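Taking it in order: structure first as structure tokens, then the write-up.
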Amino acid sequence: MEFSLQSSRLWEEVVEQTKLAKEKGIDPLLWALQVSSSLGTSGIALPSTELAHVLVNYICWDNNIPILWKFLDKALMMKIIPPLLVIALLSQRVIPSRRSHPAAYRLYLELLKRHAFALKCQINGLDYQEVMESIDATLHLSEIFGLQTTEPAILVVEFIFSIVWQLLDASLDDEGLLELTEEKVSRWAIKPQEMEIDGHDIYDEKNIAYCERLQNFNTTMAIEIIGQFLQNKATSRILYLAQRNMSSHWVSFIQSLQLLGANSAALKNSKVLTSEALQELTSDSRIFLSRECKTSSRQKFHAVMAFGSLASSVSLCPGASRSDLWLPLDMVLEDAMDGYLVNTTSAVEIITGLTKTLQAINGTNWHDTFLGLWIASLRLVQRERDPIEGPMPRLDTRLCMLLSIMTLVVADLIEEEEGAPTDETEYGSTNHWKEMKFPRKRRADLVSSLQVLGDYQGLLAPPKFVVSAANQAAAKAMLFVSGINVGSAYFECVNIKDMPFSCSGNLRHLIIEACIARNLLDTSAYYWPGYVNGRINQLPYSVPAQAPGWSSFMKGAPLTSVMINALVSSPASSLAELEKIFEIAVNGSEDEKISAATILCGASLIRGWNIQEYTVKFITRLMSPPVPADFTGSDSHLIDYAPMLNVLIVGIASVDCVQIFSLHGLVPQLACSLMPICEVFGSCVPNLSWTLPSGEEISPHAVFSNAFALLLKLWRFNHPPIEHGVGDVPTVGSQLTPEYLLLVRNSHLLSSENTHKDRNKRRLSEVASSSSPEPVFLDSFPKLKVWYRQHQRCIAATLSGLVHGTTVHQTVDRLLNMMFRKINKGSQSITSVTSGSSSSSGAGIEDNSLKPELPAWDILEAVPYVVDAALTACAHGKLSPRELATGLKDLADFLPASLATIVSYFSAEVSRCVWKPVVMNGMDWPSPAANLSNVEEHIKKILAATGVDVPRLSAGGSSPATLPLPLAAFVSLTITYKIDKTSERFLNLAGPALESLAADCPWPCMPIVASLWTQKAKRWFDFLVFSASRTVFLHNSDAIVQLLKSCFTATLGLNIAPISSNGGVGALLGHGFGSHFCGGLSPVAPGILYLRVYRSIRDIVFITEEVVSLLMHSVREIACSGLPKQKLDKLKRSKNGMKYGQVSLAAAMTRVKLAASLAASLVWLSGGHGLVQSLIKETLPSWFISVHRSDRDQGSGLVAMLGGYALAYFIVLCGAFAWGVDSSSSASKRRPKILGSHMEFLASALDGKISLGCDGATWHAYVSGFVSLMVGCTPNWVLEVDVDVLRRLSKGLRQWNEEELALALLGIGGVGTMGAAAELIIEHFDS
């Protein structure tokens, strides 16, 4: 209390001293010296915040005279009061009273110009914290901006922002524009709290004309100061921090600023700032990184990482291609065509995320992005326009990707923009106001990309079987622009070939139709230059009154057999047509339901690209029919739907159909629909039957087997449940279990409330909800769960547990008697040789009663023991190989679903290596000799482009071909099947398992299997040989390394010296594979080989080290092959490495990015999140710590720099592929932990806590490149990094003279780094 009284008396004395000085007219400098001396004697630290309050209160408004303003100015000059606090105090008093005291407002503006921009000296004072807290208390900054912090530098940002905003609102109010703002009032005190009767200034303010002139001048001056704040190097950057971290406030501020710039009358009187200049300041986002960057390596990095449009980024590089930027997309699209891959995630979601990632990393506009999507998907189609035959996805799947999936991706990207929130409060802190100013441009960019796409005629040539559809699309457009309105009925009746005018269509016509069908375009596209070949005056043919087809069906024509055939063979053209068919399938008669199901699984599914997403949705919904309201039976209602369900299941069982469902993301829901069908029909005694309209009779066993075989295709059921694990994150492939499929399906339900912003998730949620609105778990299907657990036990351990006298034991005996009835008659049972079984209970049962009338689940439970008994009997000579194969085929014919259990048993037994090999001699077992040498030659031809040596299939031709007994039995069983449509769905189940089984066995088991099968199916020769060629890599890790090296060599064109040599996507993926080139099977591009091999690589972790090594080797090759020696010499001597040979160096840098892009694609595809995590947390830090051989060749400094940039681009791409560039995907939740670990490593190395072994130039380039890419391409990542780590990184960068980069990092680090960024700005830019 005593100190407070003393302080109060002290300030009273200062006031008296000031009053006396005013009355005596003492010189302001003398007054300032006296006050300073007096306060110093009293122990008051200067500058004094209390004195600032005292002086401002004394002046405003009882002593508002010129000499006191001079006293205040001298006090500021003598630094006895803090300038920023004085400005804050005056803004609270002067701005609201600027009309009654215009002279005071003028003086305030002068003080503002003099002191508000001199920030460096003020933040270095001892009272910095106290001053800023006092300013916060005065202006209520924390309350207004909502940032509860006492960090002084953050308060500096708020202070600068508030002062500019107060001047803005005051100027708007002075010009009568404030009411035009959205808020209509200011959040600042710009008007007096009480009514002012008149002013008290003594400067002739009663002269109204003078006051008006002064007020107008003040308004102009205030606007000029606003412009100065926006232009000043330090304050403009501080305002950028406000833009980044106070986005909702910034939106209101910038809208008001734009309003002022467009409508201000006072601005016209300014001599230093024009309306156009202010508009430019408001339209520019004031990029944080200055164009006047002076950091040491920034210019070089800018050349490496400057990602412009597709055209500009490749224009400097003679060998570059537009496609190079989209290489990861090409690889993902081709990877999706693998028939062994059934993905639980929609291709729409995958490609949409990848597109946004590449668009952000490459910095392309949306025109180029859409063009890149179309070109990549067109290349996908052209790569296999004449595919080889075999159980693999054909052209239908590729066209689905181009015409259905890709248009859905584009639709989602456009909806993302057009459905974006318009309320600024919904924008996150990373959104820039200028991104919201010109939205809705993606649709226009789609139009321009499709117009440009017409120039790529080589890619647009349609494959043979879609020529008619393309021509019809062209004819439709021609008739439209000719003013002739015809419906689809005309084309149903008239053959395009018979038209007298030319209607030569291409794939662009089909793309346009797909876009129009999804409301992405309208029919104005038909008028694009060159889209149609002309016009006609009249139709050459009239439309028949009635013709079977969709048009007549929609008019009420009945579903006759002719009509059904017509609808099956031609796709629906509209959603309304599909909805009518679906309605019949739900409410029609039994025969109509079957017919409708048949139609849905016909051309509308395979080639109905414009409505395919609805077709798969309707089929999936029909697979889960609801319980009828009048249903009263004790059995499941599904039994009554058996004929329709069987038609649906058989109709979608082909490889292409399964892939189409996979691409649309419906595999989890399809599995959920199949499980109850399997549970119900697998529990039925086969005493029921249903007759289809075709006359075919089906039983519960048939329905169950078809459903079970389809269900098992949806995950790798014959593989161990855990494989290819990397760290603590297993690969997606290892998660494909029934439980995982249901988990994904249930997630679609759980996310239904949050899917309004995601078009794709809305589709999946709708399908899941329509079948069952509740989560579904494996426990709901006890019979399926029992089988699955037995299946897992069979793979994991030797078969055991068969107890004599049990029901299972009796079933085993009955099945063995059925399979080997001729052998069992009058002799010992086959079961007597098994360790777990006793002798048969009897023999000689009549043939018509041999087949047990048991539910399918009971039979499947016994099958492993049956196969074990049969295989053991064969090993002991009690069964001949032919009898074994015949018996197994009888079992599979009796219950086709038993093939699945046979597969799992054989897979397990081969892996245990306990069975002796058998000689494939053509007597006991089939012989591959007839084709084996031919297969070997073709394998060599396929692998010719990789440089991999193919092991001899036999040493000198004398060694007999052998296979492990289980594999020999399995292949013998499979070759008993006919190659027809009925057997196809079961061969599609057994085929991948057989290949996987043979690939796991020693070389040359797979070539032997392929040789045996080529004798059975000659038209599958190319496919079988290609499958055999893949196994070369599975038995030799050196061959995999060589294949990876071939991928880099082909992509970069390093097999030819000049930098302009061919390479890129075309060399990496080539034409796929097939015998339609050069009269025989061609060498397969290395990228295709790797995409078909990597899933079978057991030790996938070593891929990361090899890829990093190959990437760095490629950088050296690029630097040395792309730049002649004399240029390298001059580049080394030049100051920044860019002044000589800039075109050649730019081309080298482009190829380095291409190499890094390939490397990231290989790692991501090979191991997903787990491998990326291993790379970032383990492989890369180890690489930096290790000592590497120094390259002493010419240009080694350039090699080191390029290597660092390559690694930076590589790692950022890997992370972006795994986690995305934003936080929209579930995988992004893993990002903070892994990224934080890597950033901690970088910071620790910069702190000197970690000793590095790599080249210093490589490390410098990597860190600066990695941080630059994060700042420029993935700013959301920075927000997830610990603030302390960001500060340490920034400090390390400043030590490298990378001030701009350090500043950029802190600038986007969120509120936590805003203070550090502000202090760095003031230190670096406040002159």
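A quick note: this is a predicted structure, and the numbers were derived from the prediction, not measured. By convention here, the first residue in the shown sequence is residue 1.
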Query raised in the report: Taking the inter-plane angle between the rings of F1023 and W1020 on a 0 to 90° scale, is it parallel (under 30°), tilted (30 to 60°) or perpendicular (over 60°)?
Result: perpendicular
Query raised in the report: Between F970 and F906, what is the ring plane arrangement, given parallel below 30°, perpendicular above 60°, and tilted in between?
Result: tilted
Report task. Kindly check if the number of other-residue, nucleotide or ligand heavy atoms within 6.0 Å of CZ (R882) is above 12? Result -> no
Requested in this report: Decide if atom CG of N934 counts as having more than 12 heavy atoms of other residues, nucleotides or ligands within a radius under 6.0 Å.
Outcome: yes
Query raised in the report: Taking it one step at a time, do Y1094 and D335 satisfy side-chain hydrogen bond (donor to acceptor under 3.5 Å, both in side chains)?
Result: CA-CA 10 Å; Y1094 76 83; D335 186 58; 2.9 Å; yes
Donor-acceptor under 3.5 Å ([X] side chain, [Y] main chain):
X	Y	value
N706	A702	yes
E334	L1091	no
S996	P992	no

Report task. Answer yes if the ring centres of F1026 and H938 are under 6.0 angstrom apart, and no otherwise. Result -> no
Query raised in the report: Charged N to carboxylate O below 4.0 Å: is that the case for D338 and R1095?
Result: yes
**Report entry** Side-chain ion pair, D330 and R379, N-O less than 4.0 Å
**Finding:** yes
Query raised in the report: Shortest non-hydrogen contact from L1089 to S1029?
Result: CD2-OG, 4.3 Å
